[in-house]
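In this chain, residues are counted from 1 in sequence order. Atom set for the values below is all heavy atoms of this structure, side chains included, hydrogens, waters and symmetry mates excluded. In this text, all values refer to a predicted model and were calculated from it rather than measured experimentally.
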Amino acid sequence: MSQAQQKTGRPEAGPPAVNGFDRFFHISERGSTFGRELRGGLATFFTMAYILVLNPLILGGAEDKFGERLDPVQLTTATALVAAVMTIVMGVGGNLPLALAAGLGLNAVVAFQIAPLMSWDDAMGLIVLEGLLICLLVVTGLREAVMHAIPQPLKQAISVGIGLFIALIGFVDAGFVSRIPDAAGTTVPVQLGSTGTLTGWPMLVFCLGVLLTVGLLARRVRGAILVSIVVMTLVAVVINALADVKTWGLTTPEWPDRIVDAPDFGLLGEFSLFGAFGQAGVVTVALLVFTLILSDFFDTMGTVVGVSAEAGLLDEQGRVPNLGRVLLIDGAAAVAGGASSASSATSYIESAAGVGEGARTGFANLVTGSLFGLALFLTPLLTIVPLQAAAPALVAVGFLMMTQVKYIEWDRYEIAVPAFLTIAVMPFTYSITNGIGAGFVAYVVIKTVLGRAKEVHWLLWGTSALFVVYFAIDPIEQLLGVK
């Protein structure tokens, strides 16, 4: 393997294509197989299927300015539909194993920050507007240019930071790590389990799942992640039937009373593109849209780079294949999410679970998207996987992505410090965007202090300035009198 391939993790070229699908998706060319793509698509679905439960819970649990709530059943349908369509579109158009669904974090902003200021129709209209503006940035080439302007070591740091971030997501979702209540009167923010110790059958499922997953990975077992998810789900179903389990969290592993349920498309098209301006004012709306764009823009950037790096698809310059189309599809997903009232849809870092199973092409997305399509009708069956059975996959993938830390030159402070901040801030603030912003600002400042400001690409200057505004948004809003 060449030095460039070692640094990017790119696989050696495979044998000639065997059929039309192989040629279209470059499956053999990227060193993959149909079996690996199938396993990868399944693994990605099962690690992100929780969004079918979580998105309706977050959006359906909030009220708009007029006290209205969105219907949970309709939200489930909208969430599954957008994930199915946009994941397949990404697979065909972008040819990356990168699934899309309603973005966590963004849906919370919509539910608890935007909706209280206006109606749900107006709030979803803002999401559509945000997506259209992101598409405009892609068409003008600005979004792609920003990604190309990022130094390779920072891209590697983004991938490592995301690895730690999704590992933390796995620990938190499973309940292995929890926040210590404020009432405890301690400065220690997190603890082991819910009480400082590991208790309950669900925790046993998670711990056994982690051990099973890493053991299978160490043995180089094909389908290790997917095997672990399926096995531990079956174990959880048996435990739930025999033991007295108080709660599994969002998803209880029990066989449903019915397998098929009819979808309800009542929320599709329920949005008002410019209604928010009349409800909340131009300045407030502008700041809300700016926050949504910045978060969506850089969350996607980090996810695309991280997943592509883990899949070994970056070229010698660290560039993502078909980047323009990938970013345009991601922007269109935000539009689709708002138009269906499912909140902004975006690329999912959980796609790294599929990459860990061997997925290297968009063919895996056909599998993931089809399962989301089935979820429109089979939601009771496909959502029995508890977080404790799926979360070990995130921990394992976090380890796999962490291995790229060896390519960062830690003896060069102008690279090492921004890389460290990028890696540390992501999990510690529970945000990909915050980590990227901290790394960008630090990189620009250190280069300037060293008298090498001319080495910084002008786009990094611009995005760093935007991140300064992003981090200082609260005092800016106070100065503008919008709070």
TODO: Mind listing the closest non-hydrogen atom pair of I162 and M401 along with its distance?
DONE: CG2-CE, 4.0 Å
Task: Audit row: L268, L81, side-chain contact (heavy atoms from CB on, under 4.5 Å) steps and yes/no - done: CA-CA 10 Å; L268 270 64; L81 178 65; 3.6 Å; yes
Task: Close side-chain approach of V146 to L460, heavy-atom, < 4.5 Å - done: no
Task: Matching residue for F34 among F25, F21, F363 - test: ring pair (Phe, Tyr, Trp, His ring centres under 6.0 Å) - done: F363
Task: Side chain S32, main chain S28, donor-acceptor under 3.5 Å - done: no
Open item on the list: So, taking the atom named CG in L208 and the one named CD1 in I239, what distance separates them when rounded to the nearest 0.5 Å?
Closed with: 7.5 Å
Task: Residues in side-chain hydrogen bond (donor to acceptor under 3.5 Å, both in side chains) contact with E270, at least two apart in sequence or another chain - done: none
Open item on the list: With a 3.5 Å distance limit and no angle check, can you tell me whether D315 reaches the backbone of R319 through a side-chain donor-acceptor pair?
Closed with: yes
Open item on the list: Is it the case that the side chain of D22 and the backbone of I27 share a donor-acceptor pair, with hydrogens and angles ignored and the cut-off at 3.5 Å?
Closed with: yes
TODO: Mind listing the closest non-hydrogen atom pair of T213 and A396 along with its distance?
DONE: CG2-CB, 3.5 Å
Open item on the list: Main chain of F399, side chain of T403: is a donor-acceptor contact present, judged purely on distance under 3.5 Å?
Closed with: no
Open item on the list: Is it the case that the side chain of S340 and the backbone of G337 share a donor-acceptor pair, with hydrogens and angles ignored and the cut-off at 3.5 Å?
Closed with: yes
Open item on the list: Tell me whether R30 contacts the main-chain N or O of R360 through its side chain, where contact means a donor paired with an acceptor under 3.5 Å.
Closed with: yes
Open item on the list: Would you say E310 and S159 are linked by a side-chain donor-acceptor pair, where the criterion is simply a distance under 3.5 Å?
Closed with: no
Task: Stepwise side-chain contact (heavy atoms from CB on, under 4.5 Å) check, N365 with I88 - done: CA-CA 6 Å; N365 276 32; I88 291 173; 6.0 Å; no
Open item on the list: Could you tell me if D296 and S344 have a donor-acceptor pair between their side chains, going purely by distance under 3.5 Å?
Closed with: yes
Open item on the list: Checking the side chain of E409 only, and the main-chain atoms of I415 only, is there a donor and an acceptor separated by less than 3.5 Å?
Closed with: no
- [ ] Mind listing the closest non-hydrogen atom pair of L400 and G356 along with its distance?
- [x] CD1-CA, 4.1 Å
Open item on the list: So that I can tick it off, tell me whether E414 and R452 are bridged by a salt bridge, with the cut-off set at under 4.0 angstrom between side-chain N and carboxylate O.
Closed with: yes
Task: Minimum side-chain heavy-atom gap M426-N434 below 4.5 Å - done: no
- [ ] Run the numbers on E37 and V367 for side-chain contact (heavy atoms from CB on, under 4.5 Å), then give the verdict.
- [x] CA-CA 8 Å; E37 298 298 312; V367 179; over 6 Å; no
Open item on the list: Check whether Q388 reaches the backbone of L204 with its side chain - one donor and one acceptor, N or O, closer than 3.5 Å.
Closed with: no
Task: Side-chain donor-acceptor contact under 3.5 Å, N55 with N107 - done: yes
Task: Side-chain donor/acceptor of N95 to backbone N/O of N322, under 3.5 Å - done: no
Task: Side chain to side chain, M48 and F372, heavy atoms closer than 4.5 Å - done: yes
Open item on the list: By the definition ring pair (Phe, Tyr, Trp, His ring centres under 6.0 Å), identify the one residue from Y430, F428, F171 that meets it with F165.
Closed with: Y430
Task: Spacing of L70 atom CG and M124 atom CE [to the nearest 0.5 Å] - done: 5.5 Å
Task: Close side-chain approach of F176 to V210, heavy-atom, < 4.5 Å - done: no
Task: Check against side-chain contact (heavy atoms from CB on, under 4.5 Å), Y348 and T47 - done: CA-CA 10 Å; Y348 256 59; T47 54; over 6 Å; no
Task: Distance, nearest 0.5 Å, that separates CD1 of I423 from CD1 of I408 - done: 4.0 Å
Task: Atom pair CZ (R412) and CD1 (I446), whose distance is rounded to the nearest 0.5 Å - done: 11.5 Å
Open item on the list: Please report the interatomic distance CZ(F271) to CG(L129), rounded to the nearest 0.5 Å.
Closed with: 10.5 Å
Task: Side chains of T303 and S347, donor plus acceptor under 3.5 Å - done: no
Open item on the list: Distance check, rounded to the nearest 0.5 Å: L100 atom CG versus S351 atom OG?
Closed with: 7.0 Å
Task: Donor-acceptor contact present, side-chain R143 to main-chain L327, <3.5 Å - done: yes
Task: Heavy-atom side-chain proximity of V205 to W248 below 4.5 angstrom - done: yes
Task: Pairs flagged by salt bridge (charged side-chain N to carboxylate O under 4.0 Å, His left out) wherever residues 38-57 is involved - sequence neighbours left out - done: R39-E357
- [ ] Over all heavy atoms of both residues, which pair between S341 and L267 is shortest? Give the atoms and the distance, please.
- [x] OG-O, 3.5 Å
Open item on the list: Give me the atom names and distance for the closest heavy-atom approach of L96 to P321.
Closed with: CD2-CG, 4.0 Å
Open item on the list: Just by distance, no angles: are the side chains of T300 and D330 close enough, under 3.5 Å, to form a donor-acceptor pair?
Closed with: yes
Task: P418 side chain reached by F440 side chain, heavy atoms, under 4.5 Å - done: no
- [ ] With side-chain hydrogen bond (donor to acceptor under 3.5 Å, both in side chains) as the test, would you mind laying out the steps for T44 and E350 before giving the verdict?
- [x] CA-CA 6 Å; T44 294; E350 282 85 351; over 6 Å; no
- [ ] Search all heavy atoms of A334 against all heavy atoms of G131 and return the closest pair with its distance.
- [x] CB-CA, 3.7 Å
